[in-house]
Amino acid sequence: MHALNISGVQERRRIAAILRQPPNRPLHAEERAILWRFRFSLQQETRALTKFLQCVDWGDATEGRQVGVRVWVDIGVQKYRVALGVYLAPDY
């Protein structure tokens, strides 16, 4: 994991544990909250984007604008497909 701008050792360990999980594993509310809290610090972490996209309330326009996906590191097509799988039609 890159040197994240996360102050607490426990928070870093918790985030690292979340990021080690498979990208399509649903997150618990606590996991979503910590990833949302540190979303700016996680932007260069390739494993974080697929998890982070699960944290966004896409029905909330304000929250959706805060995502800033374009500033995240490129993770490749396959990982994007996994991250967005629930939103894609079955024939994609």
Side-chain angles (χ1 to χ4, degrees):
M1 180 180 296
H2 300 287
L4 299 175
N5 186 20
I6 300 169
S7 59
V9 173
Q10 288 182 334
E11 291 167 326
R12 276 185 293 221
R13 287 181 182 158
R14 183 67 184 128
I15 290 171
I18 294 167
L19 298 182
R20 282 193 299 271
Q21 300 296 321
N24 58 349
R25 177 189 157 280
L27 298 174
H28 300 289
E30 176 188 312
E31 294 169 326
R32 288 191 305 269
I34 194 168
L35 292 181
W36 181 260
R37 180 175 169 207
F38 291 104
R39 64 191 177 276
F40 300 113
S41 298
L42 294 169
Q43 290 177 342
Q44 295 302 312
E45 177 57 55
T46 58
R47 299 174 298 163
L49 182 57
T50 56
K51 297 291 187 180
F52 172 72
L53 291 174
Q54 293 181 48
C55 301
V56 179
D57 178 358
W58 295 103
D60 180 343
T62 302
E63 193 167 298
R65 283 191 299 272
Q66 292 180 29
V67 172
V69 172
R70 288 178 286 185
V71 299
W72 283 70
V73 66
D74 186 7
I75 61 171
V77 174
Q78 275 307 108
K79 288 184 181 176
Y80 278 117
R81 288 187 70 213
V82 169
L84 299 173
V86 297
Y87 304 105
L88 296 175
D91 59 344
Y92 277 101

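Annotation: the span from Arg25 atom CZ to Arg20 atom CZ amounts to 11.5 Å, rounded to 0.5 Å. Here the SG atom belonging to Cys55 is positioned 8.0 Å from the CD1 atom belonging to Ile18, to the nearest 0.5 angstrom. Separation of atoms CZ (Arg37) and CD (Glu11) is listed at 4.5 Å; rounding is to 0.5 Å. In this structure, CG on Leu27 lies 11.5 Å from CD1 on Ile34, to the nearest 0.5 angstrom. With values rounded to the nearest 0.5 angstrom, Glu30 atom CD is found 10.5 Å from Leu35 atom CG.
Leu19 approaches Lys51 most closely through the heavy-atom pair CD2-CG, 4.1 Å. Among all heavy-atom pairs drawn from Trp36 and Val56, the shortest one is CZ3-CG2, 4.0 Å. When all heavy atoms of Glu31 and His28 are compared, the pair lying nearest together is OE1-N, 2.7 Å.
By the 6.0 Å contact criterion, CZ on Arg13 is open, its count of non-hydrogen atoms from other residues, nucleotides or ligands being 12 or less.
Between Phe38 and Ile15 the shortest side-chain heavy-atom distance falls below 4.5 Å.
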